[in-house]
Each structure stands twice: as C-alpha cells, then as structure tokens.
**Q** 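Please find one structure pasted underneath; my questions will follow.
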Amino acid sequence: MSKKAFLPSLLLGVLVLASGCVSGGGVGDPAEFNRTMGRVSAVDLAEGVDKIFQKFKLTILREESTYSLIYYETEWMMREPHPSEQAQGATQARERIILEGRRSGDYARVEFTGECELLVSGADGWQRPAISDPARQHFQRIYSDLEMETRAGIITR
C-alpha cells in the first residue's frame, strides 16, 4: 500500500474506533433508555432528584446511599399506551426510572435508566419491547432536566 493510500485508511480507521467509543461501544437493551450523567455531587443529585421527580410526579420507591453506592428507583407510573404501542396490542403501559451511582467520596458516577413495560392483550404479564419514540422523548426530558439541575448545583457551589 502506498503512503498516499495508507494515510486515508488510517484516518478512517481512527474515526471508526473513535465513534464506537463516543457511542458507548455496545448495543444496549432496546427496552431501556440509558444515559450516563457522569460525575455528580451526591448532595446535588439528592436535591435534583427531589425537585425533578416532583416536577414529573415521580414517587421514589427505593432510595439507598452508602459509602460506595447511590441508588434511586421510582415506583412504576401507569400511563396510556402511545399509538405505536397500541399498534403492538398494548392495553396498558407503565414506566419507571432508576439512578445508580458508584461513589467516590462526595461524588458519584451516575447512570440514568428509564424502563417501559406494556401489557399486551393475549400475552402473559408485562412485556418489555423496544421503547417507543414518545417514551424515549419523555425520558430524555426528565434526564435533561435532572442533568441541568445537578450541573447548576456544581456551578453555584
């Protein structure tokens, strides 16, 4: 391979590898909305959770904070199925959010997960199909508000 052909091939390879790293590198569960909030102050996260969960009428089912873990889990919130979910036969829908952080001192690396389940006529129990676009957009709004609230806490401290 000539030097002229090698350089573009090398750059293309680097771009492919870099894009894999930026996207997280793997395929996540299509039934979940996953985002990394990054390094967040435990105090700012607690204040943000109180404010944003209240704004979206989410109720905390389980909360845990130890020297190595921060964990929040909301109760399942019932809602009407979106049209695309109704097209799959859904008669009921529910969603919840889980925040899980690995602590290091006063900070934690926090993962945000939104989960959706559908009750589909003719199927046994709740099903976990891929998240619909409207559900994904709803989780994105909650995530964005929570991220902004926790970042605002860092700026004001």
**Q** Applying side chain to side chain contact (heavy atoms under 4.5 Å, CB included) to R109 and T36, what does each step give before you reach the verdict?
**A** CA-CA 8 Å; R109 181 168 175 78; T36 299; 3.5 Å; yes

**Q** For the atom pair CZ (R79) and CZ (R94), what is the distance rounded to the nearest 0.5 Å?
**A** 11.5 Å

**Q** Is any side-chain heavy atom of F53 closer than 4.5 Å to a side-chain heavy atom of I97?
**A** yes

**Q** Could you state the interatomic distance from CD1 (I131) to NE2 (H82), rounded to the nearest 0.5 Å?
**A** 10.0 Å

**Q** Contact between F56 and M77 at the side-chain level, heavy atoms closer than 4.5 Å - yes or no?
**A** no

**Q** Is the shortest side-chain heavy-atom distance between L69 and E64 below 4.5 Å?
**A** yes

**Q** When you check the gap from the basic side-chain N to the acidic O, do E32 and R128 get nearer than 4.0 Å?
**A** yes

**Q** Treating T150 as the side-chain partner and D44 as the backbone partner, does any N or O pair qualify as donor plus acceptor under 3.5 Å?
**A** no

**Q** In the structure I gave you, are the side-chain heavy atoms of L146 and K51 within less than 4.5 Å of one another anywhere?
**A** no

**Q** Answer yes or no: does atom CD of Q54 have more than 12 heavy-atom neighbours from other residues, nucleotides or ligands under 6.0 Å?
**A** no

**Q** Do Q140 and S144 meet the criterion of a side-chain donor-acceptor pair at a distance under 3.5 Å?
**A** yes

**Q** To the closest 0.5 Å, what do you measure between OG1 (T91) and CG (L118)?
**A** 9.0 Å

**Q** Please find the pair of heavy atoms, one from E95 and one from C116, that lie closest to each other, and give the distance.
**A** OE1-SG, 3.7 Å

**Q** Hey, could you give me the CD/OH distance between E100 and Y71, rounded to the nearest 0.5 Å?
**A** 6.5 Å

**Q** Could you tell me if the side chain of I142 sits less than 4.5 Å from the side chain of H138, heavy atoms only?
**A** yes

**Q** State whether the side chain of Q127 and the backbone N or O of G125 hold a donor-acceptor pair below 3.5 Å, judged by distance alone.
**A** yes

**Q** Decide yes or no for V110 and F112: does some side-chain heavy atom of the first lie under 4.5 Å from some side-chain heavy atom of the second?
**A** no

**Q** Please report the interatomic distance CD(Q92) to OG(S121), rounded to the nearest 0.5 Å.
**A** 11.0 Å

**Q** Output yes when a side-chain donor or acceptor of T66 lies under 3.5 Å from a complementary backbone atom of S68, and no otherwise.
**A** yes

**Q** Report the distance from atom CD1 of I60 to atom CZ of R62, rounding to the nearest 0.5 Å.
**A** 12.5 Å

**Q** Is E149 salt-bridged to K55, going by a charged N under 4.0 Å from an acidic O?
**A** no

**Q** Verify the cluster assignment for L61 and W126: are they in a single hydrophobic cluster under the rule of side-chain heavy atoms below 4.5 Å apart?
**A** no

**Q** Just by distance, with hydrogens left out, do R39 and S104 show a side-chain donor and acceptor under 3.5 Å apart?
**A** no

**Q** Centre of F33's six-membered ring, under 6.0 Å away, within 45 degrees of the axis: is that where NZ or CZ of R35 sits?
**A** yes

**Q** Is there a path from I70 to L58 through hydrophobic residues (I, L, V, M, F, W, Y) whose side chains come within less than 4.5 Å of each other?
**A** yes

**Q** Heavy-atom distance under 4.5 Å between the side chains of E115 and I98, does that happen here?
**A** yes

**Q** Side chains of S132 and E85: any donor to acceptor distance under 3.5 Å?
**A** yes

